[in-house]
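We number each residue from 1, following the sequence as shown. Order of appearance sets the numbers: ligands from 1, and atoms from 1 within every ligand.
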Amino acid sequence: MNCETKVVNDELHRTIKVASRSGRARPPRTAMATKSSLLKVILLGDGGVGKSSLMNRYVTNKFDTHLFHTIGVEFLNKDLEVDGHLVTMQIWDTAGQERFRSLRTPFYRGSDCCLLTFSVDDSQSFHNLGNWKKEFIYYADVKEPESFPFVVLGNKLDVTERQVSAEDALQWCRENGDYPYYETSAKDATNVAAAFEEAVRRVLAMDERAEHLIPTDTVNLHRKPRSSATCC
Ligand SMILES: Nc1nc2c(ncn2[C@@H]2O[C@H](COP(=O)(O)OP(=O)(O)OP(=O)(O)O)[C@@H](O)[C@H]2O)c(=O)[nH]1
């Protein structure tokens, strides 16, 4: 793959695990931060739907018609500014083929957003979205799946023969958690940046909500004092 791509080793995996955690356990990023925050965004979906191509298109603006299947995981970083927030998006591309399952699942933990990807010319890849979501929630150990930010991508929009309609995809998104849906083409770059930026917006919105939930230790001033026990 591209020379910027880093094949993840165990040492790096440990570092990433310490840096972030799923289930929104870490403190929220400050609004309008001057320092860049690190966001881990993971691409999941069947083999061949175009996950590596989407990542490469977004980060390097290149497209390759003859990509090898990903084995395990790879990632690329991209710095960007979204709505005044500086972020470094760490995009994790995973192997979609079933035979590489055990090589990809250890890297789900710590993801801030999951991009569930299918190809609009492959109905099976669309029907498998639910399985990808389940696999992610289980291995990432997501504590609150209902509020976890998923974004759905229907890739290969440039192909002429579709097997999945936009209506069906939108319905799946509505019924499974009201997820944003983007139809993309890694080949001609349609909507690729918009989809990744939406992932960042979803994460930042989660953080802002978390900031408003300030836990307070309250004392009930109206509670009757317990009658003092008689001594001896
Ligand atoms: N026409 C078209 N082809 C695409 C598009 N995106 C990817 N492809 C092609 O689809 C094939 C598979 O793309 P990959 O990016 O390797 O797919 P993947 O999901 O990463 O596959 P795995 O690594 O096996 O999980 C390649 O031949 C790409 O050139 C697209 O938007 N349009």
Under 3.5 Å side-chain donor-acceptor pair for Tyr179 and Lys133: yes

Would you tell me whether Glu167 and Gln171 have side-chain atoms, one donor and one acceptor, within less than 3.5 Å of each other? no

Going by the closest heavy atom to [atom], which one wins out of [options]?
atom	options	answer
atom 29 (O) of ligand 1	Val49, Leu44, Asp64	Asp64
atom 31 (O) of ligand 1	Ala186, Gly50, Gly45	Ala186
atom 22 (P) of ligand 1	Gly154, Ser52, Gly48	Gly48

Yes or no: does Asp46 have any heavy atom under 4.0 Å from an atom of ligand 1? yes

Hey, what do you get for [atom1] ([X]) to [atom2] ([Y]), rounding to the nearest 0.5 Å?
X	Y	atom1	atom2	value
Lys51	Asn155	NZ	CG	10.0 Å
Leu39	Leu204	CG	CG	6.0 Å
Glu74	Ser52	CD	OG	6.0 Å
Ser111	Leu44	OG	CG	7.5 Å
Asp207	Arg202	CG	CZ	13.5 Å

Ligand 1 atoms in contact with [X] (distance to a heavy atom under 4.0 Å):
X	result
Lys51	15 (O), 17 (O), 18 (P), 19 (O), 20 (O), 21 (O), 22 (P), 25 (O)
Thr70	22 (P), 23 (O)
Ser53	6 (N), 7 (C), 13 (O), 14 (P), 15 (O), 28 (C)
His69	22 (P), 23 (O), 24 (O)
Leu67	15 (O), 16 (O)

Hey, are Arg162 and Glu183 close enough for a salt bridge, meaning a charged N less than 4.0 Å from a carboxylate O? yes

Hey, are Lys143 and Asp141 close enough for a salt bridge, meaning a charged N less than 4.0 Å from a carboxylate O? yes

Side chain to side chain contact (heavy atoms under 4.5 Å, CB included) partner of Tyr139, the single match among Lys134, Arg104, Arg101: Arg101

Heteroatom proximity flag, [X] to ligand 1, N/O under 3.5 Å:
X	result
Gln97	no
Phe63	no
Asp93	no

Of Trp172, Phe136, Tyr181, which is the lone residue that meets ring-ring contact (aromatic ring centres under 6.0 Å, His included) with Phe150? Phe136

Shortest protein heavy-atom distance from [atom], along with the residue and atom involved:
atom	result
atom 27 (O) of ligand 1	Thr65 O, 3.0 Å
atom 6 (N) of ligand 1	Asn155 ND2, 3.2 Å
atom 8 (N) of ligand 1	Lys156 CE, 3.7 Å

Got Gln90 and Val41 here, is their nearest side-chain heavy-atom distance under 4.5 Å? no

For ligand 1, note which part of [X] has a heavy atom under 4.0 Å away: side chain, backbone, both or neither.
X	result
Thr94	backbone
Leu157	neither
Asp158	side chain
Thr184	neither

